[in-house]
Number of protein chains: 2
Amino acid sequence: MEFSEAKNKFVQTWGALGSQWGINKTMAQIHALLMIAPEPLSMEDIMEELQISRGNASMNLRALMDWGIIYKEYKPGERREFFTSEKDLDELAVKIAQERSKREIKPALKVLKEVSTSVGGTSAEAKHFTEQTTKLYDFVLKADNMLEKVTEFKDNWLARLVVKIMK
Amino acid sequence: MEFSEAKNKFVQTWGALGSQWGINKTMAQIHALLMIAPEPLSMEDIMEELQISRGNASMNLRALMDWGIIYKEYKPGERREFFTSEKDLDELAVKIAQERSKREIKPALKVLKEVSTSVGGTSAEAKHFTEQTTKLYDFVLKADNMLEKVTEFKDNWLARLVVKIMK
DNA sequence: TTGAACTTTCAAAAATAAATGAAACTTATT
DNA sequence: AATAAGTTTCATTTATTTTTGAAAGTTCAA
């Protein structure tokens, strides 16, 4: 396969994977590009390579930095900013897990807790509701704890995680 | 909190959570509704409760059945079909993991493998590309294996999983 | 302090995804 | 075999998300 074909295929695939997992396509594509770039890239480079507008590039670079998975870099004697990606994949997983927990799961947990503890009454419907939402709360909490624990250890995190959960 | 308010809040929240994780809002809402319904619901019931069209209800019920997380049920003497959800949450997690692996991760892995093994040449760019995409392939494969292993054990899957991975 | 190089913002446009609803289809009943 | 009850399909509409691009904002160098 031609290098350029392989590169393009990779960027497209990473973009598609991202968009299925709640990260927008361009964001994932920029990340893909930075993952395989041997040198930091400028915003121009990225716009050029992905054929996207300046605004789009700017917004998604910002978002990636907010997630903590790419970094700004300054080159001596250069006015422009350059970007590199986090290349340690375990670190990447940790950061994504943290962000998603914070942004999505935590707020949902809050509501689940609220609704699972606030319905009184003795009707079968109400009882069943409380029972089910409580189970869901426990379940989501368990899942979230796992995500969080991942972030506490970088190496061999899985084994340690289990010790912690099972004890 | 009023029962109806709590119910509504729960359905909305589950819907939002779903849509952030790649499952469409209505699909997640229907699932939420079935999770808390003490009795199987008909399509009418669901349309009514969520204020959605017949077509929408039909398509999403179908999708949920394809995922294997809700079931059709027939009541004696009733022409209509009724639906219930999988209420075992571990089973739910297993099914979701299986589906997402099959639909999203497996195809991406195929491409990653392809691009990581097909670029020849000796340029720094090409070498770096091959190196990085190989790492990504291994990483995604590892993640996917974990998802898959989940499906092999229902009870205490985490502990067993670790034994298997660490051995 | 002016202006050139570069970045960010955000209202509007474009692209994408989801929902509607009426017609077609299926299945059971008389 | 005709009808009624119920379900699915899919072209069109609607809602949501993403992208654009031009104006506003920064920062640095002279």
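Per chain, numbering begins at 1; letters A, B, ... match sequence-line order.
Under the 4.5 Å side-chain contact rule for hydrophobic residues, L141(A) and M35(B) share a cluster.
Residues F3(A) and F129(B) bring their aromatic ring centres within 6.0 Å.
More than 12 heavy-atom neighbours from other residues, nucleotides or ligands sit within 6.0 angstrom of CD on E5(B). Residue K106(B) qualifies as enclosed at atom NZ: its count of foreign heavy atoms under 6.0 Å is above 12. Within 6.0 Å of atom NZ in K110(A), 12 or fewer heavy atoms from other residues, nucleotides or ligands are found, so the atom counts as exposed in its surroundings.
Put simply, CD on Q20(A) is 14 Å from P on dT18(D), counting in whole angstrom units. Rounded to a whole Å, the CG atom of L50(A) is 10 Å from the P atom of dT19(D). Distance Q51(A) CD to dT19(D) C1': 14 Å, rounded to the nearest Å. Summarising the geometry, the separation between NZ on K25(A) and P on dT19(D) is reported as 6 Å, rounded to the nearest angstrom.
Residue I69(B) holds its CD1 atom at 12.0 Å from OG1 of T84(B), rounded to the nearest 0.5 Å.
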_side chain to side chain contact (heavy atoms under 4.5 Å, CB included) between E2(A) and K7(A), intermediate numbers included_ = CA-CA 9 Å; E2(A) 284 293 327; K7(A) 186 170 167 179; over 6 Å; no
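An OP1 or OP2 oxygen of dT19(D) is reached within less than 4.0 angstrom by a side-chain nitrogen or oxygen of T26(A).
Interface limits on DNA chain C: the 5'-most and 3'-most nucleotides within less than 4.0 Å of chain A heavy atoms are dA4(C) to dC10(C).
A salt bridge does not link R80(A) to E44(A): none of the charged side-chain nitrogens sits closer than 4.0 Å to a carboxylate oxygen.
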Measure all distances between protein nitrogen or oxygen atoms and nitrogen or oxygen atoms of nucleotides 6-11 of chain D, and list the pairs falling under 3.5 Å.
residue	atom	partner	partner atom	Å
dT7(D)	OP1	E81(B)	N	3.0
dT7(D)	OP1	E81(B)	OE1	3.4
dT8(D)	OP2	S58(B)	OG	3.3

